[in-house]
Amino acid sequence: MKAEVYSWRLSAERKAELEQESRRQDTSLSALLERVTDEWLAERRKGLANDEDEQTAIRRRAMPAIGSIRGGDPTRSARTSELVSEIIARKHAKETRALARIRRTASRTD
């Protein structure tokens, strides 16, 4: 036994079409709406299943590229500490040269 009630507003034309179709099929409006919604929901579920298949295929194609970076130096990750030290040394040397220039300029103006 069905105990739930659902109502919605629809145009007079749509209501007349539904009533006419239920009479044509010799069924109640409630039975017609039940069948129509069952069919609609089944189609939606089938579409979602196809969507899930598509998403699975996309993931399968993407997985080989996830987490990989092409940088040209295959030893870069193993040499990270060395590379960072070089960057810091270059930055320190640049700052040291800039400070020396400032000191020379300051000593000339004294």
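For the numbers below, each heavy atom of this structure counts, side chains included, while hydrogens, waters and symmetry mates do not. The first residue in the sequence is number 1, and the count goes up from there. This is a predicted model, so every value here is computed, not measured.
Between L83 atom CG and T75 atom OG1 the span is 7.5 Å, to the nearest 0.5 Å. The structure places CZ of R104 at 10.0 Å from CG of L99, a figure rounded to the nearest 0.5 Å. In this structure, CZ on R97 lies 10.5 Å from NE2 on H92, to the nearest 0.5 angstrom. Between the CG atom of D26 and the CG atom of L32 there is a distance of 12.0 Å, given to the nearest 0.5 Å. Put simply, CZ on R61 and OG1 on T56 are 10.5 Å apart, with the number rounded to the nearest 0.5 Å. A distance of 7.0 Å separates CD of E17 from OG of S11, quoted to the nearest 0.5 Å.
Looking at T27 and R35, their side chains never come closer than 4.5 Å, going by heavy atoms from C-beta outward. The shortest distance between side-chain heavy atoms of K91 and I87 does not fall below 4.5 Å.
L10 and K15 make their closest contact through CD1-N, 3.5 Å (heavy atoms, listed as atom of the first residue, atom of the second, distance).
Cluster membership check: L29 shares its hydrophobic cluster with Y6, using side-chain heavy-atom separations under 4.5 Å among Ile, Leu, Val, Met, Phe, Trp and Tyr. Linking Ile, Leu, Val, Met, Phe, Trp and Tyr residues whenever their side-chain heavy atoms come within less than 4.5 Å leaves I66 and I58 in two separate clusters.
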The test is side chain to side chain contact (heavy atoms under 4.5 Å, CB included); show your working for V36 and L18 and say whether it passes.
CA-CA 10 Å; V36 168; L18 289 168; 5.8 Å; no
Could you give me the CA-CA distance, side-chain angles and deciding distance for Q20 and R24, then say whether side chain to side chain contact (heavy atoms under 4.5 Å, CB included) is met?
CA-CA 6 Å; Q20 180 182 4; R24 190 182 73 71; 5.5 Å; no
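Within a 6.0 Å sphere centred on CZ of R59, other residues, nucleotides and ligands contribute more than 12 heavy atoms.
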